[in-house]
Structure formats: C-alpha cells, structure tokens
*Asks:* 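Got a structure here, written out as structure tokens. Questions coming.
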Amino acid sequence: MKIDFNAMPDKEGYFGEYGGQIIPPELKSIMDDIDRAYEEVRQTPAFKEELASLYADYVGRPSPVFHARRLSDQVGGAQIFLKREDLNHTGAHKINHCLGEALLAKHMGKTKVLAETGAGQHGVALATACSLVGIECEIHMGEIDIAKEHPNVTKMKILGCKLVPVSRGTRTLKDAVDSAFEEYLKDPQNFFYAIGSVVGPHPFPKMVRDFQSIVGREARAQFQEKQGKLPDVIMACVGGGSNAIGLFTEFLADEDVRIIGVEPAGKGLDTPDHAATLTKGSKGAIHGFKCYNLQDNEGNPLAVYSIASGLDYPGVGPQHCYLKDLERVEYVTADDQECLEAFINLSRTEGIIPALESAHAVAYACKLAKDMSADQSILVNLSGRGDKDADFVAEKLKL
Ligand SMILES: *Cc1c(COP(=O)(O)O)cnc(C)c1O
C-alpha cells in the first residue's frame, strides 16, 4: 500500500494512532480556532510572501548544503553533507517555526505570546521573533536554569521579553511548563502558547512541521542541483523532533532515500540517564497528545537526561511515532561520548562547531559512513551552532 505522507495528520490531528488533542473541552475549542486560522492564513499570498521574505532577508535562507570533505576523508566511506541550519539568524533551526508562530499569533489578534524554556534556546528564538513581529512575549524559566544559562537569559532580557523566574518544585523545565501553562489558562482567548517543537496538542505538530519543512524543500533541491541525484541517506537528531521532521518531510515519498533519526543515549540505554524515547519508550499521553513516552509505571513522565539539553524531552512528536511503526524512518541512538567526539571532530576537520544536539546526528553519520562506499552520500541536518556549548565542552574535555 502506498501511503500519502502529505495527507497527515487527519482532521482530528492523528498520525495513525498518535497525536490528537488530549485536553479539556474549553482548550479544544481554542486549539480548533488556531487550526482554522492557520489553515486559512497559510493559503493567503500575503502570509506566504511575508514568511518567505522573512526567511530570506531576516533568517538568511536558504541555508547552504556543505560537502564536509575532510570529515568524509577522515571517516573513510560515504560522503557527508551538512544542511547548515547553524548559519540561521539566532544560530539554529528554531527560528523557522518561531517566526511562523509569532506571525500567526499576530494575525489572530492575540495580545501575548507565552512559552517555557529549559536551556533558553526556544526562549531566545521566540523572543527574537516576537520583537520582530511586534507582539508581547513572556517566557517562564526555572531559577536553576536561569543561573546556568547566563548568555541566553541576557539575550532574552535585551530582546525585551518578560522573563518569569520559576521558584517552585525542582525549579527547572518541568516547573516552567506548569507555570507558563497556568498563565496561559488565565486568558487562552487572547494569549498564544507557542510550542517549541512538533509536540503538544493538534494543530501544533502539524503547524511546526509545516514551518520547518522549508529545510527539506531547500536541501532536496540544493542536493539534486549540485550532485545530480538524491542523497542515499538523510539524518537528523531527535528531541521533540522538529528539525528532523523539517528535513524528512520532503523526502518521505522518495523510497530510495533511507531516513534516520538519532536519539540521545546519554550515559547508556541500560541506565536511567538517556532520552531515547522512540527506542525505549512505551505508548501513552503527555502534554496533550499521544506518543511514545519514557514514563514510570503510573504513566508519569520520567526525568530524562542528555548531554544536549535540547534533546532531553520524555515524549516525541506523534508523526515520528507513526513513521517508526510504518518503518519509513529508522530511529537509532548516539551517546554522550560519541556526541563529544563528533563535536570535536567536526570542529577540527571542518572548522564548524556544532550544537551538542546536532553532534548526535554527526556522530551516527560518521559511524554509518564507514560501512558505505565513497560514491554514496549522507545528508545531515546540522540543526544549530555550538557557541552555547563551547565553554561546557572545553571544561569537560579539559582543553
Ligand atoms: C532545540 C534543539 C534541538 C531539538 O529540538 P527538535 O525539536 O528535536 O529539533 C536540536 N538542535 C538544536 C540546535 C536545538 O536548539
């Protein structure tokens, strides 16, 4: 049976059995409003042109596809190519969907955009988009994270968003989610909760995917133009799954292209310290939708871990769950050690310092390339740059 990947999700927001809206009825009607507004506005030339011109002149798109020749030579085997999302304004792929969400919120006449942030990456990208679009932005962040993530906290302050320190519970991401959500529930008609990946209730997994799919559309055309064919393998790291689905979407119907998502194995899959949701998780509900989850026996999310803070989420986007079950995408892992090695290797062979998140995909690409031939190719989504991780890695490796 041929599956029409473009027809996903269905009207209720399901990708197979995953996704949906596992939320109270009041919120369901608000989410349905967002879906209607999104479906209406996305078709209009005005919205399409505004987003396209911001991608070009503000984000700096298209981001290049770079042939990492020295890395490929060092590894020996397939040629490795990098889709350079690290070169975007604000240094990662997140700006692609934050701009889309901020524009939609403005279009719907919302008065305030709200979100939580862990390491601050989503907070900075969203605060940036809100400054540009001209809409109020409020970011909730745990006090522990505020103390740890100084540069991002400073940036958010400079960008003029309202930063709300969260002092309850563990004072980290989980509590920031609860705090931001409580604020949102005070006036969901007028507030817009901007979700930071392809997760949460419908329509967010669909919307965020659509905004990110520019990555794969560009990469497919760029690769084909320069190489005269498609890559044999494409690959991306998977936290919530937005940069991965952004690359994958345009290639799903290309049966000859092997697609691989790389999850963080942290300190090892046989320890509790990983965030390999698709590899080790079981089905359940989290944050308003159904997906594979890392959960305890009562169905509560486990405290997950990765050296890359952008990957440590106990759930994962519903479309990835479906693509796993269909066996259209393979989900594999790279651990902290492999990630650190890839981080240093890419820096020293190509002069590109990757985000620790992206280094997971680079690590697996290097491993796989060895078993492939020199006329084959792997295209890796380099989701972000590693400035944010440089001090941490230098200290960790005693450089
Ligand atoms: C946030 C982040 C990720 C993880 O998010 P996804 O939704 O899985 O893409 C990956 N890479 C970078 C650089 C990030 O900032």
Side-chain angles (χ1 to χ4, degrees), residues 8-39 93-94 96-98 100-102 104-105 108 110 112-118 121-123 125-126 129 138-140 173-185 188 191-213 238-246 275 277-278 281 283-295 299-301 304 310-322:
M8 281 188 259
D10 68 14
K11 285 227 154 40
E12 271 72 51
Y14 280 93
F15 302 84
E17 64 179 290
Y18 306 103
Q21 295 174 319
I22 307 175
I23 46 178
E26 323 79 85
L27 270 187
K28 187 175 170 345
S29 74
I30 302 256
M31 292 298 145
D32 291 342
D33 286 345
I34 295 176
D35 191 31
R36 261 192 305 277
Y38 168 66
E39 287 299 339
H93 70 288
K94 285 193 173 74
N96 300 330
H97 64 248
C98 286
E101 288 182 291
L104 178 64
M108 292 182 75
K110 303 277 183 180
K112 180 162 83 175
V113 173
L114 266 161
E116 78 287 340
T117 194
Q121 295 300 108
H122 178 49
L126 193 64
E138 180 175 316
I139 307 282
H140 293 235
L173 179 63
K174 187 177 161 298
D175 308 289
V177 173
D178 295 342
S179 169
F181 203 67
E182 269 166 37
E183 176 63 22
Y184 175 62
L185 289 181
F191 298 166
F192 188 94
Y193 198 104
I195 292 178
S197 187
V198 282
V199 299
H202 178 64
F204 282 90
K206 170 181 76 175
M207 248 168 32
V208 171
R209 173 200 63 195
D210 292 350
F211 293 137
Q212 284 298 344
S213 64
V238 178
S242 66
N243 88 88
I245 211 76
T277 312
L278 289 155
K283 295 171 191 179
I286 185 174
H287 299 148
F289 69 108
K290 184 181 170 186
C291 64
Y292 282 100
N293 265 265
L294 293 167
Q295 55 193 359
N300 301 308
V304 292
L311 299 182
D312 63 356
Y313 181 61
V316 65
Q319 191 170 359
H320 287 290
C321 303
Y322 189 48

*Asks:* Before you tell me yes or no, could you show the steps for I245 and H320 under side-chain contact (heavy atoms from CB on, under 4.5 Å), namely the whole-Å CA-CA distance, both residues' side-chain angles and the distance that decides it to 0.1 Å?
*Replies:* CA-CA 8 Å; I245 211 76; H320 287 290; 3.9 Å; yes
*Asks:* Take Y313 and H287 through the test side chain to side chain donor-acceptor pair (under 3.5 Å) and record every step on the way to the result.
*Replies:* CA-CA 11 Å; Y313 181 61; H287 299 148; 2.8 Å; yes
*Asks:* Any idea which heavy atoms bring P188 and L185 closest together, and the distance?
*Replies:*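 Shortest heavy-atom separation between P188 and L185 comes out as CD-O, 3.4 Å.
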*Asks:* Indicate yes or no: at least one non-hydrogen side-chain atom of Q319 is less than 4.5 angstrom from one of V198.
*Replies:*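 They are not in contact (no side-chain heavy atoms under 4.5 Å apart), so the answer is no.
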*Asks:* Indicate yes or no for a side-chain donor-acceptor contact from Q295 to the backbone of K283 under 3.5 Å, with no hydrogens or angles considered.
*Replies:*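 Checking the backbone N and O of K283 against the side chain of Q295, a donor-acceptor pair under 3.5 Å is found.
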*Asks:* For residues L126 and K94, determine if any side-chain heavy atom of one lies less than 4.5 Å from a side-chain heavy atom of the other.
*Replies:*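 Counting from C-beta outward, L126 and K94 never come under 4.5 Å.
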*Asks:* Closest approach of T277 and P314, non-hydrogen atoms and distance?
*Replies:*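 Closest pair (atom of T277, atom of P314, distance): CG2-O, 3.3 Å.
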*Asks:* Go through the steps for M207 and I34 under the test side-chain contact (heavy atoms from CB on, under 4.5 Å), then give the verdict.
*Replies:* CA-CA 10 Å; M207 248 168 32; I34 295 176; 4.1 Å; yes
*Asks:* Is there a donor-acceptor contact under 3.5 Å linking the side chains of Q212 and H97?
*Replies:*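 A donor-acceptor contact under 3.5 Å links the two side chains.
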*Asks:* For the residue pair P205 and V199, establish whether any side-chain heavy-atom pair is separated by less than 4.5 Å.
*Replies:*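 No; the side chains remain at least 4.5 Å from each other.
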*Asks:* Provide the closest heavy-atom pair for G288 versus I23 in the form atom of the first, atom of the second, distance.
*Replies:*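 For G288 versus I23, the nearest heavy atoms are CA-CG2, 4.0 Å.
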*Asks:* Calculate, to the nearest 0.5 Å, the distance between atoms CD and CG belonging to E101 and L104 respectively.
*Replies:*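 So the gap between those two atoms works out to 8.0 Å.
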*Asks:* State, yes or no, whether a side-chain contact exists between I286 and C291 at a heavy-atom distance under 4.5 Å.
*Replies:*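 A side-chain contact exists here, since the closest heavy-atom pair is under 4.5 Å.
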*Asks:* Evaluate side-chain contact (heavy atoms from CB on, under 4.5 Å) for S179 paired with E116, printing each intermediate quantity in order.
*Replies:* CA-CA 8 Å; S179 169; E116 78 287 340; over 6 Å; no
*Asks:* Can you confirm if the aromatic rings of Y18 and Y292 lie within a centre distance of less than 6.0 Å?
*Replies:*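 Yes, ring centres under 6.0 Å apart.
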*Asks:* Any non-hydrogen side-chain atom of P9 less than 4.5 Å from a side-chain atom of Y14?
*Replies:*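 No, every pair of side-chain atoms sits at 4.5 Å or beyond.
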*Asks:* Kindly say whether the aromatic ring centers of Y184 and Y193 come within a distance under 6.0 Å.
*Replies:*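 Ring centres of Y193 and Y184 closer than 6.0 Å.
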*Asks:* Does K206 pair with E39 as a salt bridge, N-O distance under 4.0 Å?
*Replies:*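 Answer for the salt bridge query: yes.
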*Asks:* Nearest heavy-atom pair of L278 and C321: which atoms, and what distance?
*Replies:*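 So the two residues come closest at CD2-CA, 3.9 Å.
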*Asks:* Which atom names give the shortest non-hydrogen contact between L311 and A275, and what distance separates them?
*Replies:*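 Taking L311 first and A275 second, the nearest heavy atoms are O-CB, 3.6 Å.
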*Asks:* Is the backbone of A244 close enough, under 3.5 Å, to the side chain of H93 for a donor and an acceptor to pair up by distance?
*Replies:*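 No; judged by distance alone, with no hydrogens or angles, the pair does not exist.
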*Asks:* How far apart are the closest heavy atoms of G239 and V316, and which atoms are they?
*Replies:*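 Closest pair (atom of G239, atom of V316, distance): O-CG2, 3.8 Å.
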*Asks:* Please confirm whether the backbone N or O of G123 pairs with a side-chain atom of T117, one donor and one acceptor, at under 3.5 Å?
*Replies:*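 The answer is yes, because a donor-acceptor pair under 3.5 Å joins these two groups.
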*Asks:* Would you please test E12 and H202 for side-chain contact (heavy atoms from CB on, under 4.5 Å) and show each step?
*Replies:* CA-CA 7 Å; E12 271 72 51; H202 178 64; over 6 Å; no
*Asks:* Would K112 and F191 count as a cation-pi pair here, with the cationic atom under 6.0 angstrom from the ring centre and within 45° of the axis?
*Replies:*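 Yes; both conditions hold, so K112 lies above the ring face of F191.
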*Asks:* M31 versus P203: any side-chain heavy-atom pair under 4.5 Å?
*Replies:*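 Yes. Closest side-chain heavy atoms under 4.5 Å.
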*Asks:* Compute the centroid of each ring, for F211 and then for F204, and state whether the two points are separated by less than 6.0 Å.
*Replies:*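 F211 vs F204: aromatic centres not under 6.0 Å.
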*Asks:* Going by an N to O cut-off under 4.0 Å, is there a salt bridge joining D32 and R36?
*Replies:*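 Judged by the 4.0 Å cut-off on N to carboxylate O distance, D32 and R36 do not form a salt bridge.
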